[in-house]
Amino acid sequence: MTPYTPLKQIPEKAGYKAGDVLVLFGELFGRGYANGIVEEAQRCGMTVIGITMGRRDAAGALRPLTAEELAEAEANLGGRMINIPLEAGFDMEGPDGAPSPVEQLKGVKADDWDKVRLDWAAIEKSKQAGIARFTGALTTVLKEIEPLLPNNANVLFAHTMAGGIPRARIFMPLLNRVFKGVGERYLSSKTFWDSELGKLCRISFDEVTADTFGYLIDATKGVRERIAGRGGEVRYVAYGYHGCEVLINGAYSWQSYTPYLQGWAKIRLEEVAAKAWQAGVKATVFNCPEILTNSSALFLGVEISLYPLLEALQKEGGGPAAEAVRKSCQALLQEGTTLEALLKKANAYLGSPLLSGFSDYASWPHHNTPAQAEFMLNSSAELLAMNADPKNIVCGELSRQVFHATGKLMLHASWQPAASALWLNHDIVARQIIGR
Ligand SMILES: NC(=O)c1ccc[n+]([C@@H]2O[C@H](COP(=O)([O-])OP(=O)(O)OC[C@H]3O[C@@H](n4cnc5c(N)ncnc54)[C@H](O)[C@@H]3O)[C@@H](O)[C@H]2O)c1
């Protein structure tokens with residue numbers, strides 16, 4: 001089990017200088033976590049290099065970005081992108097004419113999902129083909145990146161990849177029941193996870209979310225050596241999730257979103273970093289707070305633990321930055337609704353005795369129960385309904401605050417990290433926001 005090591009001090013300013021390079025290992029999306037570290041790197045004068053996961057064409061073939069897509073992505077990143085598709089996973093791999101996992105699942109009826117029996121030998125072949133494609137493309141990407149690294153540059157690789165839901169039609173309706181189902185539509189995450197489809201997800205999540213970090217660290221051994229020979233250093237950070245301390249009844253308490261089925265892969269990600277760390281590589285997983293992004297939208301209810309950040313801003317000292325966040329959040333609420341009412345409701349959920357069984361760090365990740373799912377989804381809906389405009393919500397504003405603050409914390413802590421896994425809880429995030 002990864003020792004629980006929260007970051008307690010705002011890190012000293014890192015020694016990154018103009019000409020040092022941030023390589024973003026994962027594509028940058030509009031409201032994604034990585035925006036924070038990209039911005040901070042640019043503030044420090046670093047050059048940013050990006051990659052793409054590519055796109056699938058109508059026939060399912062993986063392709064690079066078109067000239068137009070590339071121009072848009074580079075403008076968004078504020079840096080050059082290496083346009084060689086680095087899609088991780090194996091759901092569409094069918095080596096030597098064998099059916100890919102997606103093909104194996106073609107035509108499965110929704111009601112028959114638990115009777116599916118997969119050809120695991122074929123899946124193993126697909127997995128190996130996916131690894132060969134990804135690591136092969138990675139070698140080519142690194143060949144393009146190396147000449148872009150100045151002579152005495154430090155290099156920071158930031159791993160953002162997470163995902164791996166196989167793109168067979170059967171999955172989304174099922175996962176919607178696991179993550180968003182109540183009553184008749186409720187589906188036990190454990191029942192799903194123990195099924196053949198769950199097992200396929202597990203292998204796929206491990207591959208995309210965790211093992212890609214290992215492939216990156218392995219493939220850049222030569223880069224590390226060459227950079228070290230020229231007086232620089234290569235460091236690695238990755239975005240993790242392993243619960244987060246937020247204020248519940250006025251005290252910081254560790255809690256987590258349930259059912260976080262990516263959790264096993266996130267533990268594996270921590271293990272990848274721990275192994276690299278033991279070999280002397282500065283690789284750190286930063287376990288970050290729950291925010292709303294394209295990727296977390298599936299996990300409805302994950303955003304509830306974001307509300308008490310408003311209280312953390314006060315507890316850590318308040319001041320003009322905290323006041324500005326409060327003001328902009330208050331402005332997003334329905335007329336007649338107050339932040340106090342919002343926080344009271346969020347606390348009623350987070351502090352409920354119904355959740356006490358879910359606050360054990362050692363047994364994480366936890367599976368859902370019908371009562372927990374219903375309580376979480378109802379609370380989430382009631383809280384979201386307190387916003388005036390469903391497209392412009394308090395959690396959007398708080399998410400932006402969090403990804404900016406974590407980007408700063410991660411970039412500076414990466415210089416001399418204290419452990420291979422660090423938690424960025426609401427206390428340190430709030431202190432970063434208010435500048436204390
Ligand atoms: N949103 C949260 O609440 C939260 C909390 C803690 C940690 N994180 C982590 O932050 C990181 C960024 O996620 P985000 O929430 O900002 O969402 P996002 O959608 O902006 O980012 C997801 C990233 O995963 C990459 N990706 C997805 N599938 C891939 C595949 N098959 N191959 C290669 N790359 C793939 C995308 O390119 C993108 O870089 C993830 O590791 C995520 O687990 C998110």
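Residues: numbered from 1 along the sequence shown. Counting starts at 1 for both ligands and their atoms, following the listed order. Here the structure is a predicted model, which is why all the values come from computation and not from measurement.
A donor-acceptor contact shorter than 3.5 Å links the side chain of S204 to the backbone of G164. Counting only distance, with no hydrogens or angles, the side chain of T406 and the backbone of V402 share a donor-acceptor pair below 3.5 Å. Proximity of a side-chain donor or acceptor of N35 to a complementary backbone N or O of F29 within less than 3.5 Å is detected.
At least one N or O atom of I291, backbone or side chain, sits closer than 3.5 Å to an N or O atom of ligand 1. Considering backbone and side-chain atoms alike, T293 places an N or O below 3.5 Å from some N or O of ligand 1. At least one N or O atom of T160 sits closer than 3.5 Å to an N or O atom of ligand 1. At a 3.5 angstrom cut-off on N or O pairs, E27 counts as close to ligand 1. At a 3.5 angstrom cut-off on N or O pairs, A88 counts as close to ligand 1.
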Item to complete: Go through E374 and Y186 one step at a time and tell me if the side-chain hydrogen bond (donor to acceptor under 3.5 Å, both in side chains) criterion holds.
Response: CA-CA 9 Å; E374 188 158 358; Y186 168 82; over 6 Å; no
Practice prompt. Show your reasoning for whether side chain to side chain contact (heavy atoms under 4.5 Å, CB included) applies to Q432 and H404.
Written response: CA-CA 9 Å; Q432 177 68 58; H404 286 304; over 6 Å; no
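E27 pairs by the salt bridge (charged side-chain N to carboxylate O under 4.0 Å, His left out) definition with R55, not counting sequence neighbours. Evaluation of the side-chain hydrogen bond (donor to acceptor under 3.5 Å, both in side chains) rule for E72 yields no partner, not counting sequence neighbours.
Ligand 1 lies nowhere less than 4.0 angstrom from a heavy atom belonging to V302. Residue A34 places every heavy atom at 4.0 Å or more from ligand 1. A heavy-atom separation below 4.0 Å is not found between C244 and ligand 1. Within the 4.0 Å heavy-atom cutoff, R31 does not count among the residues contacting ligand 1.
Distances from atom 4 (C) of ligand 1 to the heavy atoms of Y241, Y33, F286, F25 show the closest one on Y33. Atom 18 (P) of ligand 1 has its nearest heavy-atom neighbour, among P85, C288, A297, S295, in S295. Considering each of L86, L292, N35, V208, the one bringing a non-hydrogen atom nearest atom 33 (C) of ligand 1 is L86. Among S296, P289, G54, the residue whose heavy atom sits closest to atom 5 (C) of ligand 1 is P289. For the residues F29, Y257, F90, Y239, the heavy atom positioned nearest atom 9 (C) of ligand 1 is part of Y239. Closest to atom 41 (O) of ligand 1 by heavy atom, among E290, H159, H242, K266, is K266.
For atom 27 (C) of ligand 1, the nearest protein heavy atom (residue, atom name, distance) is A162 O, 3.1 Å. For atom 20 (O) of ligand 1, the closest non-hydrogen atom on the protein side is G32 CA, 3.2 Å. The nearest heavy-atom contact from the protein to atom 25 (C) of ligand 1 is M161 CA, 3.8 Å.
A cation-pi contact links K199 to W120, judged by a cut-off of 6.0 Å to the six-membered ring centre and 45° from its axis.
For ligand 1, the atoms closer than 4.0 angstrom to any heavy atom of G240 are 6 (C), 7 (C).
In summary, the aromatic rings of H242 and Y361 are positioned with their centroids under 6.0 Å apart.
T209 and Q262 form a side-chain donor-acceptor contact under 3.5 Å, judged by distance and modelled atom types alone. Between N368 and T258, the side chains place no donor N or O within less than 3.5 Å of an acceptor N or O (distance only, hydrogens not considered).
The side chain of M53, and not its backbone, has at least one atom closer than 4.0 Å to an atom of ligand 1 (non-hydrogen atoms only; side chain from C-beta on).
Here the rule is salt bridge (Lys or Arg N to Asp or Glu O under 4.0 Å) with D91, and of R56, R169, R167 only R167 fits it.
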